[in-house]
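These notes concern the structure reproduced below.
Below, chains carry the letters A, B, ... as their sequence lines are ordered, and counting in each starts from 1. Reckoned from all heavy atoms, side chains included, excluding hydrogens, waters and symmetry mates.
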There are 2 protein chains.
Amino acid sequence: MTRQRPPSSIAVARLAGVSQSAVSRTFTPGGIVSPATRARVLAAAEALGYRPNLLSRSLTTGRSGIVAVAVGGLSNPFHAMALESFASGLQRMGRQVMLVVVADEWALGSAVELLSGYQVDAVLSSLSVNAADVADALTRFAVPIVTMNSSVTTRFVRTVAADDHGAGIAVAKHLHAQGARRFGYIAGRAGTLAQERREAGFRQGLAELGITQCARAQGDHHHGGGCAAVRAMYGAARKTGSATGLDGLFCLNDLTAMGAIDTLRDAFGLRCPEDVLVAGYDNVAASAWPPYRLTTVDVGLDRIAEQAFALMEAAEGEPSEVLVTPQLVLRASTRR
Amino acid sequence: MTRQRPPSSIAVARLAGVSQSAVSRTFTPGGIVSPATRARVLAAAEALGYRPNLLSRSLTTGRSGIVAVAVGGLSNPFHAMALESFASGLQRMGRQVMLVVVADEWALGSAVELLSGYQVDAVLSSLSVNAADVADALTRFAVPIVTMNSSVTTRFVRTVAADDHGAGIAVAKHLHAQGARRFGYIAGRAGTLAQERREAGFRQGLAELGITQCARAQGDHHHGGGCAAVRAMYGAARKTGSATGLDGLFCLNDLTAMGAIDTLRDAFGLRCPEDVLVAGYDNVAASAWPPYRLTTVDVGLDRIAEQAFALMEAAEGEPSEVLVTPQLVLRASTRR
DNA sequence: GCGAATGTTGCATAGGGATGCAGTCCAGCG
DNA sequence: CGCTGGACTGCATCCCTATGCAACATTCGC
């Protein structure tokens, strides 16, 4: 029941009346063959529909040309964008992309275990690695793993991080400059480091402005989480009769911010930016749409991808961490 | 400079004091080994960090376990969702996913050429194949290719199609039932068959209601295209002084519909659904958000994925086309 | 015209693993 | 106790391509 095997270099050689090595050489970049032989081989290959078996090739060369990309759920357009950046960049470099959808950094471990069986040359992950034992486990596979925003790195586990902390500070100052005075942060799942850094930066920025109060609620990285968080934050305030609610909201990401804006309007009659300033993070396509015009932070995925490519090809000695500076994108959601 | 090679089955065999075949059999599902030998092999493998080289394995078995997925740009969340459905399903089946981002069906041809070198077991494509010569070219690679909504199929080019035509009819009748009387369709790029079928269905549905007029403008499959199309449609009407504009709009997809709704409101002061009923297609996550609450069509990606998996494993004799019935999702954008 | 340098070619083998076949060992049975 | 069958095991090959090396042909230089 084994599928019909495609023609091999031997078949081509036989048809062209040359040796198998001649066939191999005509298809190996830099291989030395006379023009006459090359022509005969190519003709025979064409006739048989021959294509070199790349798996076999990588068996001898030791490099598969395959790079694995691990992402954490494509329903979040940010991950989709990250994947697209990685994939199109790698394709341009002539490498193949093996995709793995992964739940968390532990799942990343077992995914890499499997992938290492496919001899992938490197792994790019939009998830971060923050547990030391995970990093250790990953290091054993001896394949370069480039992650985003990891707090732990090793010889093989490298990371390209956006300056989330700095971006958080910038957002705080911007919201304050636009007139916000009572602040809140909508967080993501505990343990997702990038957004924890955003919060820390945000709070530090506020502190530098002499503000120590900052409300907090937890979302889920999606639109619905923003809705629920706003309900929790503002619903409580309403019950206690506190008239003036929060007027400056920073959300761990754009989806959350859009949920927040929608719920502020529909459930509390609060308009953005008139009543509350809202900022997000990621610069997802929808954040520019009219109902939101969301001020947000753009991490520059193409630059990140570039750095990731450099890191995955870096030698073991070189530094395994790169920091990129994200860009504040100002829109109407924070404009008074 | 060739990377340090990982341990081979021979190294494990040496350490365990058994033959290479014993190692192979230990790691081959269904391989016959005594418990004692298996234990010694596993211990040795563990000690060396051995993992079978899956590329080599596929060399002998003739099956790589790799399925290629070709998608056309992940900035459209629909493609991202399709990819996620395919990828997670394949992962569950224990197959690896090789990802290719492709511009159009011709690019699909060269992509498959490359992929066939990697001995992929099948190709799943969210693009459709409508040119006969492309289908022929693809057929030559003798690898099953499952596409979405193709008009041409061959032994190897199969397709799972949603009943776009039927969905178009249903949308027409629904809009009419909700009170719309003057209709318009916002189209996508010419040559993208699925949306052309939606339009045809929509027009047929209108015809069955005795309506032959249907305005038309062209979008670009994204939010901006919906904006531009509405500007074209309503701006022209405004100039000619025609008071009553279109009041029932069907858009090739959700992104377009959301752009349309935004521009109707912001540029023309028309509210949805009070002044214009708008329906989209795809049931993207954002279509459920409060500013839109968009009536749309859900093609049921998980069902499509399932059918695609069946098709990719189908024998040559079996039918190479499957039709799934999409579902109308009613929301406030068409509710009077 | 002859030796040498140059350019090609094929042979043989490696790379990691799967598997048909023949042989080994032991338990169970008569 | 001898024999048969079953359970394993190892040997030898094969899968397909890349490549070092030796053999060969050709042309160049003197």
Side-chain angles (χ1 to χ4, degrees), chain A residues 1-42 44-45 48-66 116-121 142, chain B residues 1-42 44-45 48-66 114 116-121:
Chain A
M1 221 44 196
T2 147
R3 216 173 74 221
Q4 174 77 28
R5 284 194 180 266
S8 71
S9 60
I10 297 185
V12 176
R14 202 154 31 210
L15 180 58
V18 298
S19 73
Q20 177 266 330
S21 357
V23 178
S24 172
R25 283 192 250 264
T26 64
F27 284 97
T28 305
I32 295 176
V33 217
S34 70
T37 313
R38 155 166 277 125
R40 297 177 57 192
V41 169
L42 288 177
L48 295 178
Y50 168 77
R51 311 234 67 229
N53 183 329
L54 267 29
L55 301 185
S56 173
R57 170 177 292 177
S58 63
L59 191 57
T60 53
T61 61
R63 311 191 61 224
S64 65
I66 302 175
S116 71
Y118 278 99
Q119 315 299 109
V120 300
D121 294 336
Chain B
M1 222 45 194
T2 148
R3 218 172 74 220
Q4 173 77 30
R5 284 196 180 264
S8 72
S9 61
I10 296 184
V12 175
R14 201 151 34 207
L15 179 60
V18 299
S19 73
Q20 178 266 332
S21 358
V23 178
S24 172
R25 282 193 250 264
T26 307
F27 285 96
T28 305
I32 295 176
V33 216
S34 72
T37 314
R38 155 167 275 126
R40 295 177 56 193
V41 169
L42 289 178
L48 296 178
Y50 168 77
R51 313 232 67 233
N53 183 328
L54 268 30
L55 301 185
S56 172
R57 169 177 294 176
S58 63
L59 192 58
T60 52
T61 62
R63 310 191 62 227
S64 65
I66 301 176
L114 180 67
S116 72
Y118 279 98
Q119 315 297 113
V120 299
D121 294 336

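Atom CG in Leu55(B) sits roughly 15 Å away from atom P in dC16(D) (whole-Å rounding). For the pair Asn53(B) CG and dG17(C) P, the interatomic distance rounds to 6 Å; values are reported in whole Å. We find that CZ of Arg38(B) is positioned 14 Å from C1' of dA7(D), with the value rounded to whole Å. Look at CZ on Arg14(A): it is 13 Å from C1' on dC16(D), rounded to the nearest Å. Separating the CG atom of Leu54(B) from the C1' atom of dA18(C) is a distance of 13 Å, rounded to the nearest angstrom. As a whole-Å value, the separation of Ile10(A) CD1 from dC11(C) C1' is 13 Å. One interatomic measurement links the two molecules: OH of Tyr50(B) to P of dG17(C), which rounds to 3 Å at whole-angstrom precision. For the pair Ile32(B) CD1 and dG20(C) C1', the computed distance is 12 Å after rounding to whole Å.
The side chain of Pro35(A) approaches dT8(C) more closely than any other nucleotide in the set dT17(D), dG17(C), dT8(C). For Arg5(B), the listed nucleotide lying nearest its side chain is dG16(C); candidates were dG16(C), dC8(D), dG17(C). Side-chain atoms of Gln20(A) lie closest to dT17(D) of the nucleotides dG17(C), dG15(C), dT17(D).
Not one N or O on the side chain of Thr26(A) forms a donor-acceptor pair closer than 3.5 Å with the backbone of Val41(A). Looking only at distances, no side-chain donor or acceptor of Thr37(B) sits under 3.5 Å from a matching main-chain atom of Val33(B).
Contact annotation: side chain of Ser21(A) to base of dC11(C), donor-acceptor pair present below 3.5 Å. With hydrogens and angles ignored, no donor-acceptor pair closer than 3.5 Å exists between the side chain of Arg25(B) and the base of dG17(C).
Minimum interatomic distance between Ala16(B) and Arg40(B) (heavy atoms only, all atoms of both residues): O-NH2, 2.5 Å. Nearest heavy-atom pair across Arg63(B) and Ser58(B) is O-CB, 3.0 Å.
Of the two residues near DNA chain D, Arg57(A) and Ser56(B), the one whose nearest nucleotide lies more 5' is Ser56(B). Both Val33(B) and Leu59(B) lie close to DNA chain D; mapped to their nearest nucleotides by heavy-atom distance, the more 5′-ward contact belongs to Val33(B).
In this structure, the side-chain contact (heavy atoms from CB on, under 4.5 Å) partners of Leu48(A), at least two apart in sequence or on a different chain, are Pro7(A), Ala11(A), Val12(A), Leu15(A). Listed by chain and residue number, Ser24(B) satisfy the side-chain contact (heavy atoms from CB on, under 4.5 Å) test with Thr28(B) (two or more places apart in sequence, or in another chain).
Ser8(B) comes within 4.0 angstrom of the backbone, heavy atoms only, and of no base. If you check every strand for non-hydrogen atoms under 4.0 Å, Ser24(B) touches a base.
Using a 4.0 Å cut-off, no side-chain N or O of Ser19(B) falls inside it from OP1 or OP2 of dT9(D). Of the side-chain N and O atoms in Thr60(B), none sit less than 4.0 angstrom from OP1 or OP2 of dC14(D). Checking the phosphate oxygens (OP1, OP2) of dG17(C), no side-chain nitrogen or oxygen of Thr61(B) falls inside 4.0 Å. Contact between the side-chain N/O atoms of Tyr118(A) and the OP1/OP2 oxygens of dG16(C) is not found at any separation under 4.0 Å.
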